[in-house]
2 protein chains.
Amino acid sequence: MDTLKAKYNFREHLQPFVVFTNDEWELFCSYLEFISLKKKTYFIEAGKVCNHFGFVNKGSVRYFHLTNDGTDITGYFSFENEFMSSYTSFLKREPANNYIQALEDTELILISHKSLQEMLASEKLGHKMERFGRLVAEYYLCCYDDRVTAFITQSPEERYIKLLESGRDILRRMPQHYIANFLGITPVSLSRIRRRILV
Amino acid sequence: MDTLKAKYNFREHLQPFVVFTNDEWELFCSYLEFISLKKKTYFIEAGKVCNHFGFVNKGSVRYFHLTNDGTDITGYFSFENEFMSSYTSFLKREPANNYIQALEDTELILISHKSLQEMLASEKLGHKMERFGRLVAEYYLCCYDDRVTAFITQSPEERYIKLLESGRDILRRMPQHYIANFLGITPVSLSRIRRRILV
DNA sequence: AGAAAACGTTATCTTAAGATAATAAAAACA
DNA sequence: TGTTTTTATTATCTTAAGATAACGTTTTCT
């Protein structure tokens with residue numbers, strides 16, 4: 001991985017959340033880790049504590065759950081230039097209840113929990129990192145809020161149509177059965193919905 | 001409302017998120033507003049921007065959506081000693097898509113968006129308020145994450161049983177048709193589920 | 001206390017989702 | 001290139017959820 005380019009790209013995509021001075025940026029970068037994940041390998045597995053918060057520099061990942069009867073249910077995706085973590089596990093220091101798997105060869109920029117704590121506690125970066133953390137959490141909170149609202153106010157068909165209208169990457173890049181899981185239905189059911197709304 | 005007692009209680013319940021020195025606390029308090037909400041009145045209505053983040057000192061509130069065909073769908077509740085806001089609207093400064101209504105005579109401690117911005121920008125409170133905001137957002141993020149996971153991995157019946165096992169306040173204090181909405185199903189359907197699991 | 005509203009259950013009917021299996025097409029791979 | 005594997009659709013059957021209405025009970029209101 002070209003870490004120089006990766007850093008540059010990361011800084012770019014951090015702008016909506018935090019803008020660093022050059023000095024701060026150098027310090028911040030000293031905490032970063034860069035890893036590559038081969039297709040189909042795991043970033044985190046259920047039962048293990050997620051120790052990193054990440055940024056997808058290249059590639060994409062899939063979040064999924066394994067239910068008691070062994071069914072694989074996809075809950076979310078992160079594409080390049082998006083954050084990625086088993087966030088609840090990372091924050092609570094509890095075992096994750098989901099897996100995160102690379103869907104293609106993927107480059108990640110990681111911040112370990114320990115590094116984050118150090119930055120939060122540091123004189124130079126602390127304040128800015130608190131803000132960064134707040135804005136990231138708020139951003140995802142709003143996303144989750146939308147999603148919960150969709151589950152309680154809309155039918156599966158309505159949720160799918162909304163997703164279509166949103167034009168999100170998911171539609172172009174993910175197989176349909178993952179999308180079905182994401183919408184809270186079975187792949188067979190989504191296939192039927194698609195036929196229904198075509199007529 | 002006894003604002004002295006309310007402040008004391010608020011400080012107590014803020015502890016998991018932020019611990020203020022006495023000086024900081026005085027300053028913080030100078031930004032607070034105290035209001036009482038009569039039963040059935042609204043804290044926020046859909047279409048209006050939510051300008052306050054609140055804490056329920058006494059009473060309880062219900063969050064609900066009105067769908068296009070006029071159906072009222074309850075999405076959430078806040079009881080005493082919990083936070084309360086149309087958070088997405090508050091954060092994004094966009095019109096809310098939901099209502100928040102007092103279920104009984106309710107006492108609220110409020111922070112206006114303007115006050116919060118001032119605190120965040122202030123020398124004395126800024127850093128601590130960033131952290132406070134971060135921890136609150138993270139807390140709710142985890143709650144939402146659980147809820148979304150329940151929607152995609154569990155059946156309505158399983159969700160209800162989990163709720164039963166959780167022993168949450170909702171069960172004791174909310175009418176069943178609100179609980180049904182909260183679980184993403186109709187009241188009639190919840191009634192059937194209850195009968196099913198009794199046998 | 002009496003009237004009105006809200007609530008929970010039940011019944012009926014309709015609709016759609018889950019489970020499962022078969023099939024065909026597309027993609028991955030080796 | 002030829003072979004798996006993955007994917008999407010379709011069919012059948014079963015199950016449960018939505019819509020609606022009726023009913024009795026409880027709660028709220030005045």
Side-chain angles (χ1 to χ4, degrees), chain A residues 38-41 59-60 62 64-65 67-74 77 101-106 150-164 170-199, chain B residues 38-41 59-60 62 64-74 77 99 101-106 150-164 170-199:
Chain A
K38 278 249 170 294
K39 179 171 180 170
K40 292 203 177 171
T41 59
S60 57
R62 171 175 83 97
F64 69 95
H65 297 261
T67 61
N68 297 328
D69 63 325
T71 322
D72 167 331
I73 302 206
T74 298
F77 316 90
Q101 182 188 42
L103 289 168
E104 42 196 318
D105 289 356
T106 295
F151 276 118
I152 63 173
T153 64
Q154 295 169 16
S155 67
E157 182 168 325
E158 286 170 323
R159 291 201 293 277
Y160 177 64
I161 291 170
K162 272 277 173 72
L163 179 63
L164 276 183
I170 296 177
L171 288 164
R172 250 159 295 125
R173 297 176 54 180
M174 289 300 137
Q176 205 167 293
H177 61 292
Y178 290 166
I179 296 176
N181 290 166
F182 172 74
L183 291 169
I185 57 179
T186 60
V188 175
S189 187
L190 178 54
S191 182
R192 283 189 291 229
I193 286 171
R194 283 161 55 81
R195 186 153 59 102
R196 236 168 27 225
I197 65 181
L198 267 181
V199 179
Chain B
K38 278 249 169 294
K39 180 171 179 171
K40 294 206 175 168
T41 57
S60 56
R62 171 175 83 97
F64 69 95
H65 296 262
L66 283 189
T67 61
N68 297 329
D69 61 327
T71 320
D72 167 330
I73 301 206
T74 298
F77 315 91
Y99 299 74
Q101 182 189 42
L103 288 169
E104 39 196 321
D105 289 356
T106 295
F151 276 118
I152 62 174
T153 64
Q154 295 169 18
S155 67
E157 182 168 325
E158 287 170 322
R159 291 202 293 276
Y160 177 63
I161 290 171
K162 273 277 174 73
L163 179 62
L164 277 183
I170 295 177
L171 287 165
R172 251 159 295 125
R173 298 176 55 179
M174 289 299 138
Q176 205 166 293
H177 62 292
Y178 290 167
I179 296 176
N181 291 164
F182 171 74
L183 292 169
I185 56 180
T186 61
V188 175
S189 186
L190 178 55
S191 181
R192 283 189 290 229
I193 286 172
R194 282 162 56 80
R195 184 151 61 101
R196 232 160 41 217
I197 66 181
L198 267 182
V199 180

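Order of the sequence lines sets the chain letters (A, B, ...), proteins ahead of strands, with each chain counted from 1.
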Interatomic distance, B:L190 CG vs C:dT9 P [rounded to whole Å]: 8 Å
Toward the 5' end of DNA chain C, which comes first, B:V188 or B:H177, by nearest nucleotide? B:H177
Neighbours of DNA chain C within residues 64-73 of chain B, by heavy-atom distance under 4.0 Å: none
Separation of atom CG in B:L183 from atom C1' in D:dA16, rounded to whole Å: 15 Å
Measure the distance from CZ on B:R192 to P on D:dA19 and round it to the nearest whole Å. 11 Å
When rounded to whole Å, the CD to C1' distance for the pair A:E104 and C:dA27 reads 15 Å
Gap separating the CD1 atom of B:I185 from the CD1 atom of B:I193, nearest 0.5 angstrom: 4.0 Å
Rounded to the nearest Å, what distance is computed from the CD1 atom of residue B:I179 to the C1' atom of nucleotide C:dC7? 12 Å
Spatial distance of atom CG (B:N181) from atom OG1 (B:T186) [nearest 0.5 Å]: 8.5 Å
Test the A:R62-A:Y178 pair against the cation-pi criterion, namely NZ or CZ under 6.0 angstrom from the six-membered ring centroid and within 45° of the ring axis. yes
side-chain hydrogen bond (donor to acceptor under 3.5 Å, both in side chains) with A:E157: of A:R196, A:R194, A:R192, A:K162, only one passes, and it is A:R196
Provide, to the nearest angstrom, the distance between the CG atom belonging to B:L103 and the C1' atom belonging to C:dC7. 15 Å
Rounded to the nearest 0.5 Å, what separation is found between the NZ atom of B:K39 and the CG atom of B:D105? 8.0 Å
Under 4.0 angstrom between A:Q176 side-chain N/O and D:dT6 OP1 or OP2: no
For C:dT9, does OP1 or OP2 lie under 4.0 Å from any side-chain N or O of B:R196? no
To the nearest Å, give me how far apart CG (A:D105) and P (C:dC29) are. 10 Å
Protein-nucleotide distance (A:I193, atom CD1; D:dA17, atom C1'), rounded to Å: 14 Å
Upstream residue (5' side of DNA chain D) when B:S189 and B:K40 are each assigned their closest nucleotide: B:S189
Just checking, any donor-acceptor pair under 3.5 angstrom between side chains of B:R159 and B:Q154? no
By side-chain hydrogen bond (donor to acceptor under 3.5 Å, both in side chains) - contacts of A:D69 (at least two apart): A:T67, A:T71
Nucleotide nearest B:T186 (side chain, heavy atoms from C-beta), chosen from D:dT10, C:dC29, D:dA19: D:dA19
Please determine if a side-chain N or O atom of A:R195 lies less than 4.0 Å away from the OP1 or OP2 oxygen of D:dT10. yes
Whichever of B:K39 and B:P156 has its nearest DNA chain D nucleotide further upstream toward 5': B:P156
